[in-house]
There are 2 protein chains.
Amino acid sequence: MPVTIRDVARASGVHVSTVSRTFSAPHLVNPETRTRVLSTAESLGYRPNRAARALITGRTHNLGLIVADIANPFFPPLIKAAESQARQRDYHVFVADTNEDALVEEELVQALAKQVDGVLLCSPRMSNDHIEQLRREVPLVVVNRLVEGIPAVVMDVAQGAKAAIEHLVGLGHRHVAYLAGPRGSWTNRELRRAATATARALGANLTVLGPHQPTETAGVGAAEQVLRSGATGVLTYNDLMAIGLLEGLHDRAVKVPEQLSVIGIDDIALSRLIRPKLTTVATPTAAAGRAAVDMLLQPDDDRRTTAQVTLQTELVVRDSTGPAPRRTAASRPPSATPVGSLKE
Amino acid sequence: MPVTIRDVARASGVHVSTVSRTFSAPHLVNPETRTRVLSTAESLGYRPNRAARALITGRTHNLGLIVADIANPFFPPLIKAAESQARQRDYHVFVADTNEDALVEEELVQALAKQVDGVLLCSPRMSNDHIEQLRREVPLVVVNRLVEGIPAVVMDVAQGAKAAIEHLVGLGHRHVAYLAGPRGSWTNRELRRAATATARALGANLTVLGPHQPTETAGVGAAEQVLRSGATGVLTYNDLMAIGLLEGLHDRAVKVPEQLSVIGIDDIALSRLIRPKLTTVATPTAAAGRAAVDMLLQPDDDRRTTAQVTLQTELVVRDSTGPAPRRTAASRPPSATPVGSLKE
DNA sequence: ATGAAAGCGCTAACAA
DNA sequence: TTGTTAGCGCTTTCAT
């Protein structure tokens, strides 16, 4: 039923190889023949079968894109940008969700390996060893992770965390907290490291809280923990957690930023829609998606195996951060009682 | 370099066809041979090449999922659910974004046709004719659209719109508006139709405003138009537009719900995070994704070509709707001046 | 229960 | 410039 290269050959009175050439190496065929073939192909509704082509060329013109959670608002802009960039270069993309599970991640890469020319691993949760292992089965580009010898696109979140902590300390906060994300996350490690180092350099106190799932729900649940920590300023692993934290704080009648300052990471669309508008570190997710696709599609000779792109982040100050309160939020019970203006 | 069925055959001392059978028809091979083949395959790291298999079986075990805009928060939960359901049944899914463009939609289906066993067309913008046309190239299931003879999963948004308008009129609103979405949208037509019919039945006045792009930005921009319309209650094409409208209204110091009531559609995660929390019609997007995949993967004989699943929607009343003001918002300049309590 | 052989739709030498 | 031929990795008759 489906029309093949052979049908076109017969109908246009040439051999199959000529038809093949018409599509994959047009310059090798006589212009007249070419137009004839093209028009009969058109009229028959012929469409090359990519899978068959892939079988012999070894290039599928497909890409795999693996993310931790499609529904996490951080990813859609990245997926969209990557897909768009890929299609522009005539590639289709498989998208898969690991549910934050490192094992699923691995299986997925292996399952996809034979069907794609490369895989974009976004915010992988598996170990470096596993990633290096998989690299042997299929070209890989990793986003938000640094692995020896694997091409990567990373956002400079360390710089962002530094700016965030400096912002907090500059506002007079002496005790800050980092609300940590999931264990396997490279970004989480970077953030914790940079936040800790910056706080120390500034002579401020930093408490690490977590790990937590990178969800709004986890943020809500962490409110109590944050309050108990005695910190007056909090940097969270991502905006989703920050937004959850804001909710949890609101439920406990803790005023933001008057009693507690909160900074997120990512600058997802949501962060400027909630109240107070979230101060956050903007990460260029769409650019990362595009860059990762470009890297994957680069000819091998151009691609140094260790190639690596670092994208800048930027602190966006909005309304969830303000001057440190005179007394820490934790020094009084989390109630609606207004923070009195006691001396110093 | 990649290990093929032939390598496994040689290493385990059987013919390729036996190896093939071991994977695709295990019951046809002697248990002992089977285990032997399986273990050598395992040790060689053999993975069947799906594309090669597809070439002969005609089944790719891939699905296509086409949406209008990946970054529109309505879609990610649907994509996630569909992908998860598909993978559970050992299918991989291509995801593609049309940017709300009907032409891109068409091209995408055709490009994907040969590589997939079926395509999920979500909220398509193209004409019914085109959809019927494409149906001949590849099995299709359409989400949020009703097309003669095409299997479909739809959400009963008409019912939702009815409930929304009833809610508004019940609160005393006599003049309501429907803020319309994009032209090609079936959901938009349903919504408009149902809203109009319900308003008429209730003796209320309904103005249709639009069409608009289904984005937050469009919602912001529509604030002026809404105010001028004189309506005191608005139903929007989706939550994104409602949220934008809320912003635009806030900028003009129009109080929601005191001066104007707003109802969205979809119940995206965002709608309960913004203030005022959005009253909206919840659509079961994840369920739709799963149902659509199930439909696509159903054996042909079970699938009546006209099969169709309708999912219920539900009005979720939150804080963006309230009693109608004594006077319409439009009867006074859009300023911060409080709505005076003039007689009746 | 297993082997032999043909062929899915296409490309890629090699010849002509 | 075009045709011939082999074969990508796999499944599927048909024999054995």
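Within every chain, numbering begins at 1; the chains are lettered A, B, ... in the order of the sequence lines, protein sequences first and strands thereafter. All values reported here derive from a predicted model rather than from experimental measurement.
Whole-Å rounding puts the A/Arg10 CZ to D/dG3 C1' distance at 16 Å. The distance from atom NE2 of B/His15 to atom P of C/dA1 is 18 Å, rounded to the nearest whole Å. Atom CG of A/Asn49 is separated from atom C1' of C/dG7 by 14 Å (rounded to the nearest Å). In this structure, A/Ile5 atom CD1 and C/dC10 atom P are separated by 5 Å, rounded to whole Å. Rounded to an integer number of Å, the gap from CZ of B/Arg53 to P of D/dC10 is 8 Å. Summarising the geometry, the separation between CD1 on A/Ile56 and P on D/dC10 is reported as 15 Å, rounded to the nearest angstrom. In this entry the distance linking CZ of B/Arg50 with C1' of C/dG9 reads 20 Å, nearest Å. Protein atom CZ of B/Arg59 is 19 Å distant from nucleotide atom P of D/dC10, rounded to whole Å.
Side-chain N or O atoms of B/Asn144 include none that pairs as donor or acceptor with a backbone N or O of B/Cys122 at under 3.5 Å. Of the possible polar contacts, none joining the A/His92 side chain to the B/Leu112 backbone as a donor-acceptor pair under 3.5 Å is found.
Using a 4.0 Å heavy-atom distance criterion, A/Val19 is classed as making no nucleic acid contact. In this structure, A/Ser20 reaches the bases: a heavy-atom distance under 4.0 Å links it to at least one base atom across the strands shown. A/Thr57 comes within 4.0 angstrom of the backbone, heavy atoms only, and of no base. As judged by a 4.0 angstrom heavy-atom cut-off over every strand, A/Ser17 is placed among the base-contacting residues. Across all strands shown, A/Phe23 has no heavy atoms under 4.0 Å from either base or sugar-phosphate atoms.
Between B/Asp117 atom CG and B/Thr60 atom OG1 the span is 3.5 Å, to the nearest 0.5 Å. Interatomic distance, CG of B/Asp97 versus CD1 of B/Ile70, reported as 4.5 Å (0.5 Å rounding).
When each of B/Glu106, B/Glu105, B/Arg145 is paired with B/Arg125, the side-chain contact (heavy atoms from CB on, under 4.5 Å) condition holds for B/Glu105 and for no other.
Remark: A/Thr18 is in phosphate contact with D/dG3, judged by side-chain N or O atoms under 4.0 Å from OP1 or OP2.
Of the residues in residues 26-41 of chain A, not one places a heavy atom less than 4.0 Å from an atom of DNA chain C.
With 3.5 Å as the limit, one finds no donor-acceptor pair spanning the side chains of A/Asn72 and A/Glu100. One side chain, B/Ser127 or B/His130, offers a donor N or O that lies under 3.5 Å from an acceptor on the other.
Evaluation of atom-type donor-acceptor distances gives a pair under 3.5 Å for the side chain of B/Arg21 against the base of C/dG3.
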B/Asn62 vs A/Gln115, side-chain hydrogen bond (donor to acceptor under 3.5 Å, both in side chains): CA-CA, chis, key distance, verdict: CA-CA 10 Å; B/Asn62 290 153; A/Gln115 275 189 102; 3.3 Å; yes
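Under the 4.0 Å criterion applied to side-chain N and carboxylate O atoms, B/Arg89 and B/Asp294 are assigned as salt-bridge partners. Ion pairing between a basic and an acidic side chain is recognised when a charged N comes within 4.0 Å of a carboxylate O; B/Arg36 and B/Glu32 show no such pairing.
Across C/dC8, C/dC10, D/dC10, the shortest atom-to-atom separation from the side chain of A/Tyr46 is found for C/dC10.
Direction of the helix axis in the helix from C/dA1-D/dT16 to C/dA16-D/dT1 shifts by 30° between the two five-pair termini, rounded to 10°.
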